[in-house]
There are 2 protein chains.
Amino acid sequence: MATIKDVAKLAGVALSTASYALSGDHRVSAKTREKVIEAAKQLNYHKNGFAMDLKRSRTNTIALILADLSGPFYSELIRSVQEVALSNGYDLIACSSMGERDSTAVRFLREKRVDGAVVLAYNMTDEVLSASAGPNFPIIAMDRVISGEGLVSIIVDGESGGYEATRYLIDKGHRKIAYISGPSNSFANSLRYQGFLRAMKGAGLEEQAKWRLSGGFIRDGGYKATKMMLMQGELPTAIFYGNDEMAIGGLKAFEEGGIRVPEDISIIGFDDIELTEFIQPPLTTIRQPMYESGSLAGHLLFQMLNGESVNESYKLNVQIIERQSVSAPAKSNSSV
Amino acid sequence: MATIKDVAKLAGVALSTASYALSGDHRVSAKTREKVIEAAKQLNYHKNGFAMDLKRSRTNTIALILADLSGPFYSELIRSVQEVALSNGYDLIACSSMGERDSTAVRFLREKRVDGAVVLAYNMTDEVLSASAGPNFPIIAMDRVISGEGLVSIIVDGESGGYEATRYLIDKGHRKIAYISGPSNSFANSLRYQGFLRAMKGAGLEEQAKWRLSGGFIRDGGYKATKMMLMQGELPTAIFYGNDEMAIGGLKAFEEGGIRVPEDISIIGFDDIELTEFIQPPLTTIRQPMYESGSLAGHLLFQMLNGESVNESYKLNVQIIERQSVSAPAKSNSSV
DNA sequence: TTGAAAGCGCTAACAC
DNA sequence: GTGTTAGCGCTTTCAA
């Protein structure tokens, strides 16, 4: 790899002159510049990114850290963060926090390989975030409550979402409602569940222990939890799945069991992923403002990078999206 | 930010001793090591990634470059490349080539911010790839034919895929077949189109100029192209969409136009994205081995990184996935 | 306008 | 075992 030294030598100028010429400083004469550029081309020279970053101690890059890069659910978030980064002249790299303690993500934060980060990854510990964030290294934490210098949290109001989803079912006449939960260590899940409980209690309803199942936020988990419910014999009249993926899995289980949705049982999801529109029946769900939250995250990050002060936390509202997976409970089941 | 210098000073040892202690070199005494580690903790010290990379001139990171990070289509690819990277002890970062000449992606390659890359991005020029690749910087180019030192290309056999898709329609009795194309600068698209033409010619059929439409590989493009076709009045009996996204857009246009698929018109897509299973009717399509190709790309990259020699190009096969969007042409339309 | 030189934070060869 | 020191490739001050 040719270095700027080689270029300077070939062009017959000093190292610094070459540097100036290459970065377009207007103090070098046009003739010198040309010589240098010609030499650079000849040697196929390109700046070494690290050396530059090291010197500048700035990378002009921010990271978006996700638990799983391949999740379908993130595309809007990625897009919105990317747009903001681009329009601020920054680069965005996405990396995964898979691998836990020694993940790429942790290293990028620890070793300051980027100028700041947006983190949506339940498997990153608060500790890592707190240790990395600071006045010169802003981190926007999504979906978790955390505070500290350089830290801002954005949460979507999952509690209200859980409440509204449940309330919606209750208003349709349902009395026997189950909540299929996500991973127990997920903050988003606990919020949704709390909302569910508040709505149930508010309507004088009780959660039945036998319907307390978990599906880990994944499709197959929803499928299995639903199968289990089916095997138990007695079904609720409505199910609130902690997220859409699990609801889709549940739908498959019902289909296999010959149970019609929403005629025999109503279901509602959470997230409003793309698929919900396309499945049969289209899924009623709670929409998370992914695009908006990504955009907010990006903007906040750059405000912090520019030394402006921002609030410590932001809460975004959710919205119910009515489709066709919920109806009034069937007569035979609607008795309390 | 505390540096190793500060740590050394606080621990009362030399800089190098601190460095050795921190990197676990066994020449330092346990006592010294402890002192250093304690000092580091106290100062909340973390290595500076760039300085390390600069020194080592290795990053232990590879990049996956995609035209659009948010594409739903890539999740399997991302997952498979990530698995390989992780199992080789490397980090993976994903970045987008949006922004063309000055994109993050171009900079990462040019400035050697990573040790190698897998590139699936039609908007990166061959020139950039050739200029960046070299004996010490392997690049795996997907979906393009390119060669040079440090360059390997993986292509899926889109031509055969295009041929098979078209042949499948012909075998069902279709004679009037349209191909809705992707971006004209897309290599994948031209392959598919060539396959289409070969099948048509082989059956003594001709492509009709009026049905030559482009949808840019995006859903809305497929929708618009189909609308346009609808407005023209005369329809083919079958359409081969250059990818699934466009086919999904087309489906919507047909639905709005009161045209039934596959009763009134048959359609076939390409890619086998997740959605194809869930839409109505489920889409018959050509499956690309995304997971396999990502895995292959990752393995090749590491082989090259280890100095092993590999072939210059690899071709992967496609497979037709029969679902329910194709039937024999309706009687009234099936005449030649 | 150009050149010499300091130093970003770190590693590793070498000397003690 | 531990300390000294020379760079990695670059930018940027300062002097010429």
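Note on naming: letters A, B, ... go to the chains in the order of the sequence lines (proteins, then strands), and numbering restarts at 1 for each one.
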Side-chain donor/acceptor of B:D25 to backbone N/O of B:R27, under 3.5 Å: yes
Between P of C:dC8 and CG of B:L54, the distance in whole Å: 13 Å
N/O (side chain, A:T32) to phosphate O (OP1/OP2, C:dT2) under 4.0 Å: yes
Rounded interatomic separation in angstrom, taking CG from A:L15 and C1' from C:dA5: 10 Å
Length of the CE-P vector between A:M52 and D:dG9, whole Å: 15 Å
Listed nucleotide nearest any side-chain atom of B:K5, set C:dC10, C:dC8, D:dT11: C:dC8
Side chain to side chain contact (heavy atoms under 4.5 Å, CB included) partner of B:Y45, chosen from B:K41, B:Q42, B:K47: B:K47
Result of checking A:I140, A:L151, A:I139 against A:M304 for side chain to side chain contact (heavy atoms under 4.5 Å, CB included): A:I140
Spacing of B:R56 atom CZ relative to D:dG9 atom C1', expressed in whole Å: 17 Å
A:T17 side-chain N/O to C:dG3 phosphate OP1/OP2 under 4.0 Å: yes
Phosphate OP1/OP2 of C:dC14: any B:Y20 side-chain N/O under 4.0 Å: no
Spacing of A:K47 atom NZ relative to D:dC8 atom P, expressed in whole Å: 18 Å
Rounded interatomic separation in angstrom, taking CG from A:N48 and P from D:dG7: 18 Å
Among D:dT13, C:dT11, D:dT2, the nucleotide that comes nearest once only the side chain of B:K55 is considered: C:dT11
Nearest-Å distance for atom pair CZ/C1', residues B:R33 and D:dG1: 11 Å
Closest listed nucleotide, where the reference is the side chain of B:S29 and the choices are C:dA6, D:dT2, C:dA4: D:dT2
Distance test, side-chain N/O of B:S16 to OP1/OP2 of D:dT4, below 4.0 Å: no
Whole angstrom value for the distance that separates P of C:dA12 from CG of B:L22: 13 Å
